[in-house]
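The structure appears below as structure tokens.
Just so we're on the same page: letters track the sequence lines, and every chain starts at 1. Given the structure is predicted, the values throughout are model-derived calculations rather than measurements.
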There are 2 protein chains.
Amino acid sequence: MHEQDSSVIMQKPLSELIADQLKRKIWNEDFQLGERLLETELADTFDVSRSTIREALKILEIEELVVSQARKGTYVTKFTDQDVDEIIELRTLIEARAFTQAIQYLEEKHVKELQAIVDQMKTKADENDWNALFDLDMQFHSYVVQLCGNSRIIKIYDSLQVQIRTFLMHLDQYYSSHQAFYEEHKQLLQALVSKDVHTVEGGVRNHIEYVETKLLGQKNDTKFKEV
Amino acid sequence: MHEQDSSVIMQKPLSELIADQLKRKIWNEDFQLGERLLETELADTFDVSRSTIREALKILEIEELVVSQARKGTYVTKFTDQDVDEIIELRTLIEARAFTQAIQYLEEKHVKELQAIVDQMKTKADENDWNALFDLDMQFHSYVVQLCGNSRIIKIYDSLQVQIRTFLMHLDQYYSSHQAFYEEHKQLLQALVSKDVHTVEGGVRNHIEYVETKLLGQKNDTKFKEV
DNA sequence: AGGTAACTTAATGTCGACAATCGACATTAA
DNA sequence: TTAATGTCGATTGTCGACATTAAGTTACCT
């Protein structure tokens, strides 16, 4: 929450710290989707030079949280229906591969860690703590993808997750019940432990498809902003 | 070769133009793999400020042609065996999906264009023009991926291709015979025209695997640099 | 009155300079 | 002789200012 106390030596470049802060501001809806980001203004509010802001924005641009047109300005990405579809397609593709690859690297300790996450889900589901569930969801998937052994796939997934976060955060919840949420991940873990490629691949596809259905349902209902 | 004549109004930011030039320099081996790139030096040779060089390097970093460590410097990426393996895994994953998705968007005119590329391949194969064949190969795959309809997948592939170019350019050729090269793509196109998902998917996997075999063969032989 | 052209304002692109940090060499002590 | 520490040059991080371009505004002409 406060990684850049002015007196402390900071290992990370300032630009990255600011990039992180900007991300949070987008997630918190401090910035509207589609809103224009003025370099000068940001430099003012963060009390750094425009060069630094520029580098920070470049980072966000890589992760597609903002788009910038030359000499026109940079805007917070406004996810259209097509964007959501594209992200889901890519997520399915990446996770299906990563999960099946993860099987061969899956050790006992990993299963333990994952089980811990799923257990926490149960707790949080009982407490109806949606935000915590959301984080655990992200953690679970990240953890498995991290096992796949391909640094490029991992990097793509990290970037994807930032985007997923951005448009999922704006829904109250995408699961009908918190309990179902927990159950789904329990099954995913079971599939992994079985070490059967087809079971895992099917599990991932079903899981994401399920989320998608819920999400699109809400979208067509009320919550999602139109473009 | 000379997009930035000083008198002309340039639509693209300077940094992008310089990024392109840097790419070419890497492909031409003007820079050694692993070589350190000094910002000041580059600013000098290109006659621009360091800020501009910095932005250009950031672009190269995104495409993983250079790696930069904070306060240490940026270096031309030195592709290790693992890097090559990772790239091939990712390429297979992406192309397999993109090609099968492309089926549904494939129109007559696209087939014609692709056929034209393949025809050119035959010509260049007869002429033993390896460089031209190499370019046509890239064109062919790019063209199909472009049809898949998912801009994010396309973007990832573009970035991937830059990397593929970088380490393939350093091989004299990765196909045993130019003729086989042409035949392979002819078959790929046939698979596409058939519009059968399994045929296409199999075709892509075989094709890339074939290239990989050839490549790894050369690597273990003579041409490839060790890490 | 409507539309176009010149003008004004504001934001981005680019620059050169200063500050913080790193790596290497030299110096000193064990 | 070797290892630890201090110093110096080189290099990256950050800054504020100027140049260029885009958008909005006013004035003028038809």
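- A sub-4.0 Å separation between OP1 or OP2 of dT14(D) and a side-chain N or O of S49(A) is absent.
- Relative ring orientation between F99(B) and F140(B) is described as tilted, the plane-to-plane angle lying within the 30° to 60° band.
- One finds a salt bridge joining E127(B) and K124(B) here, because a Lys/Arg side-chain nitrogen approaches an Asp/Glu carboxylate oxygen to under 4.0 Å.
- Neither side chain, T74(A) nor E61(A), offers a donor N or O lying under 3.5 Å from an acceptor on the other.
- Other residues, nucleotides and ligands contribute over 12 non-hydrogen atoms within 6.0 Å of the CD atom of Q104(A).
- When heavy atoms are screened at a 4.0 angstrom cut-off, L37(B) is found touching the sugar-phosphate backbone but no base atom.
- Pairing for dG6(D) goes to dC25(C), judged as Watson-Crick or G-U wobble with the two contacts each under 3.5 Å.
- Atom CG of L38(B) is separated from atom C1' of dG23(C) by 13 Å (rounded to the nearest Å).
- Contact between the side-chain N/O atoms of K72(A) and the OP1/OP2 oxygens of dT21(D) is not found at any separation under 4.0 Å.
- For the OP1/OP2 pair of dC15(D) and a distance below 4.0 Å, the side-chain nitrogens and oxygens of T52(A) include at least one atom meeting the criterion.
- Rounded to an integer number of Å, the gap from L42(A) CG to dT12(C) C1' is 13 Å.
- Base pairing analysis places dA30(C) opposite dT1(D); the two distances defining the Watson-Crick or G-U wobble pair are each below 3.5 Å.
- Distance Q69(A) CD to dA11(C) C1': 14 Å, rounded to the nearest Å.
- Distance, L14(B) CG to dT12(C) P: 18 Å, rounded to whole Å.
- Whole-Å rounding puts the F46(A) CZ to dT14(D) C1' distance at 16 Å.
- Between R71(A) atom CZ and dT20(D) atom C1' the separation is 7 Å, expressed in whole Å.
- Distance CG (L57(A)) to P (dA11(C)): 15 Å, rounded to an integer number of Å.
- Taking the charged nitrogens against the carboxylate oxygens, D83(B) and R152(A) do have a contact shorter than 4.0 Å, which makes a salt bridge.
- Under 4.0 angstrom from either OP1 or OP2 of dA10(D) there lies no side-chain N or O belonging to T40(B).
- For the pair R36(A) CZ and dA11(C) P, the computed distance is 7 Å after rounding to whole Å.
- Partner assigned to dA20(C) is dT11(D), using Watson-Crick or G-U wobble distances below 3.5 angstrom.
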